[in-house]
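The structure appears below as structure tokens.
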Amino acid sequence: MQSRTEADIVKAIKAGELFECSIEDGSFQIKVEDYVPFICTAIHNGSQLRSELVNRCLLDTDQRYFEEDPYTGELIRSLPITLVACDSRYEYDLNRPLAQCVYKRAWGLKVWRSPLTDKQWHRSAEKHRQFYRILDALIAALEQRFGASLVFDIHSYNKGRQSDDAPVFNLGLEQVDMDRWTPIIERYQNCLESLQLPNLKTSVEINRVFYGRGYMIAHVNSRFENTLVIPTEIKKVFMDEKSGELYPLVLQSLSEGMKHTVVDTAAFFARRFTKKKQAKRKHMLASLVDPAIKRVDRALYQLAKGVSTLQYVNPINIAHEMKRFFSHRTKYQPEFTYRQLAMDPYLLREKLYRLPVDEIRDAGIQQLYREVIDTISMKVDLLVSIGTERFIYNSLRYYGEPGKQDIDNARFLLYAPAIAEQEESPAYNAEQMREILQQKAVEWGLNCKVETSSRLVAAAMVSSGRRALLVRKDAKVTATELQALAHHELGVHMVTTLNAGLQPLKVFSLGLPDNTLTQEGLAILSEHFSGNLTLKRLKMLGLRVLAVEQMLLYRDFRHTWLYLTEEHHMKPDEAFRLTTRVHRGGGFTKDYLYLQGLCQAVQLYKTQPIRNLFIGKTGFRFLPIINEMIERGMAKKPEWLPAFLSSPVEAGPVMDYLLQSIQPFDVSKQQTIVITPNTTSEIKQAI
């Protein structure tokens with residue numbers, strides 16, 4: 001990291017420069033990625049003790065470390081303006097007045113073998129003064145720019161000295177003017193209380209363990225009328241305070257939670273007390289993209305761009321095995337063959353986990369990339385095991401399996417009585433489909449190809465790498481099915497493929513975790529709001545869920561085929577294709593996600609804008625961070641969007657009833673759908 005003098009730093013602040021550096025003597029680091037009306041400090045984060053004092057100190061490294069606040073700098077790394085101490089509080093304590101900043105005794109223990117010399121004391125004291133001169137310059141610049149500023153003074157405390165019910169967060173507010181700042185404190189407290197940490201119950205109390213009697217708030221209060229300091233103590237739930245062992249998952253969750261809490265509170269503060277009355281969350285974060293994100297993203301894409309599930313899991317001898325199955329009067333167990341992997345899976349996994357994700361400062365984006373890497377690694381495991389007994393286990397890891405709600409939703413749809421839908425016969429063969437779909441792509445401004453293929457299980461599939469829509473050579477569809485395919489494959493899968501290609505970050509081409517659930521849910525939602533989702537199609541989605549269930553229960557191709565033909569009266573060739581879908585590779589559970597994805601897509605569509613989900617292969621649960629990345633200029637708004645977002649078609653009361661009825665169970669409402677044959681009477685009433 002660059003080193004700069006105090007004069008240089010103050011000059012840069014006054015000039016409004018963006019910079020990051022260590023102070024010349026290495027005592028603290030300062031980062032200004034954007035000028036926002038708040039600062040985050042971690043003044044007890046450091047553990048350095050200058051060499052001339054090491055042998056003079058009676059306390060060893062472990063003893064000092066116990067009373068320091070390690071990782072508090074990590075908790076604020078996502079934020080744009082930070083001051084993080086590198087020196088140990090045992091050299092000088094920044095939260096004590098200058099005259100008392102060098103300990104003689106601390107926590108009942110004598111610190112020095114002999115008193116420090118005047119020269120040694122003054123050197124420590126000058127570091128103390130230097131820190132506060134720069135803090136003062138920074139606050140003065142923010143008050144001049146915004147009219148007011150906010151300081152989050154972050155500390156940690158040892159839980160061993162406290163009662164078992166000591167809070168995770170303690171706000172020390174004795175020196176805070178509560179008549180003036182109560183709204184900000186309440187907002188901050190509420191945000192902290194909402195944080196979810198692994199295996200921990202979040203609690204926030206005021207003046208319970210610490211009272212906020214430190215020097216930093218006193219110093220700022222005495223010099224700045226319009227700056228609020230919030231002393232925040234965090235219990236060391238993220239580490240073993242005795243051994244120093246870190247709990248990385250807790251630290252990651254806490255860092256991400258603190259980012260959102262601080263940003264939300266700062267935006268609220270800005271609207272109430274600064275000149276920036278229109279402040280939003282995006283205005284409280286750095287607008288420049290962290291170079292580490294770009295480095296990790298580029299390296300990840302180069303490693304994983306060829307890892308395509310369907311390219312390898314689709315059998316290459318489907319037609320041949322279908323003929324043999326029926327020539328043996330359905331008593332034959334198909335023996336599918338698959339493409340060879342064009343990768344070294346072990347080397348790929350090794351390189352994936354060597355990517356320097358920890359260099360990404362933003363906790364939310366860092367976690368996104370961690371999850372993407374984990375997901376790609378699981379996908380590699382899945383591909384390596386195609387055609388083996390391990391495949392079904394890896395499919396369950398990657399896609400999951402249908403739960404009770406999925407099964408109930410599927411059966412609910414299959415119990416639905418026939419409704420007055422126009423009877424259609426297959427009128428379009430593969431070549432006609434190709435021509436019409438190519439025309440539709442041109443009409444929607446999608447620069448892609450439409451081709452036929454003999455190696456598909458589905459009627460059509462988008463090949464993202466080739467930017468092509470592939471149509472199965474023996475496919476035959478009705479006019480409605482053809483329109484549904486257009487809105488499903490071109491309107492969503494091709495749209496997200498093309499949008500991903502325009503993104504500065506390639507992670508949206510690789511796909512976020514749960515992108516299969518999201519992509520298929522959005523694609524069927526597109527069928528629905530284009531007026532092309534039929535009860536027959538919904539029943540097929542239900543059958544896919546039950547086919548996966550049967551595959552998992554019996555692991556027998558012929559049993560699944562008989563179940564579909566005898567129990568649900570599917571045509572033999574259609575049943576073969578569906579059975580192939582769920583048995584390919586050795587047991588492929590993906591197909592149950594279509595119905596679940598539709599459920600979640602409908603629910604999300606009703607509650608908030610979803611257009612940003614179409615920037616690439618995204619995931620429902622990542623929508624907040626995607627929105628943030630677009631607002632900060634890290635990602636681009638989608639250039640192409642499905643037609644239904646601008647002109648949705650009314651589907652009618654029956655379809656609306658069915659989709660509403662398969663919503664995921666909401667525990668908070670204490671109700672669920674009980675699926676029985678009698679439920680069909682309700683559908684008849686809707687009709």
Side-chain angles (χ1 to χ4, degrees), residues 1-2 18 20 31 33-34 77-78 80 252 255-256 259 285-309 311-312 341-381 383 447 462-467 495-516 518-519 612-619 622-623 625-640:
M1 179 178 290
Q2 181 187 15
L18 304 181
E20 179 179 5
K31 177 186 69 178
E33 293 179 320
D34 236 326
R77 195 168 71 148
S78 301
Q252 174 67 31
S255 298
E256 191 171 356
K259 169 195 165 184
L285 291 163
S287 56
L288 296 178
V289 180
D290 178 1
I293 298 175
K294 294 181 179 179
R295 288 196 300 270
V296 170
D297 185 80
R298 283 195 299 267
L300 177 61
Y301 182 71
Q302 288 303 314
L303 286 174
K305 61 184 178 182
V307 183
S308 173
T309 305
Q311 176 185 353
Y312 292 109
L341 284 182
M343 68 178 77
D344 182 336
Y346 309 102
L347 182 61
L348 175 57
R349 281 191 294 258
E350 181 183 6
K351 289 182 177 179
L352 283 172
Y353 284 110
R354 284 184 176 178
L355 292 174
V357 181
D358 59 322
E359 294 180 5
I360 297 175
R361 287 173 172 160
D362 188 288
I365 298 173
Q366 183 190 89
Q367 181 61 18
L368 183 149
Y369 276 91
R370 287 185 187 277
E371 291 192 44
V372 169
I373 289 170
D374 280 340
T375 300
I376 293 171
S377 179
M378 283 194 290
K379 185 187 288 189
V380 171
D381 290 341
L383 298 181
N447 183 19
V462 167
S463 173
S464 297
R466 296 167 56 186
R467 295 193 176 186
V495 157
T496 54
T497 294
L498 296 178
N499 283 331
L502 297 179
Q503 294 301 321
L505 298 177
K506 297 304 182 183
V507 70
F508 298 110
S509 291
L510 296 175
L512 305 188
D514 304 325
N515 74 85
T516 300
T518 305
Q519 282 281 298
N612 287 341
L613 286 172
F614 296 95
I615 68 169
K617 311 302 182 184
T618 59
F622 293 97
L623 183 54
I625 191 72
I626 292 168
N627 289 338
E628 178 190 305
M629 292 172 77
I630 290 175
E631 289 174 344
R632 296 171 67 184
M634 296 180 182
K636 295 181 179 179
K637 292 180 179 179
E639 182 166 326
W640 294 278

* Would you kindly say whether K617 and T496 are connected by a side-chain donor-acceptor distance under 3.5 Å? => yes

* Distance-only, no hydrogens or angles: does the S377 side chain make a donor-acceptor pair with backbone N or O of I373 under 3.5 Å? -> no

* To do: Report yes if some heavy atom in the side chain of L347 is under 4.5 Å from a heavy atom in the side chain of E350; otherwise report no.
  => yes

* Can you check whether A363's main-chain N or O pairs, donor with acceptor, with Q252's side chain at less than 3.5 Å? -> yes

* Drop me the distance from L368's CG to L505's CG, to the nearest 0.5 angstrom. => 9.5 Å

* In Å and rounded to the nearest 0.5 Å, what is the CZ to NZ distance from R349 to K379? -> 14.0 Å

* How long is the span from the NZ atom in K636 to the CE atom in M629, to the nearest 0.5 Å? -> 13.5 Å

* **Polar contact flag, side-chain donor to acceptor under 3.5 angstrom, S78-D362** => no

* Structure fact -> For residues 294-305, the salt bridge (Lys or Arg N to Asp or Glu O under 4.0 Å) pairs (sequence neighbours left out) are R295-E359

* **Spacing of OG belonging to S287 relative to CE belonging to M634, to within rounding of 0.5 Å** => 9.0 Å

* Structure fact -> Sorted by chain and residue number, the salt bridge (Lys or Arg N to Asp or Glu O under 4.0 Å) partners of R467 (sequence neighbours excluded) come out as none

* Could you go step by step and tell me if L288 and D34 meet the side-chain contact (heavy atoms from CB on, under 4.5 Å) rule? -> CA-CA 8 Å; L288 296 178; D34 236 326; 5.8 Å; no

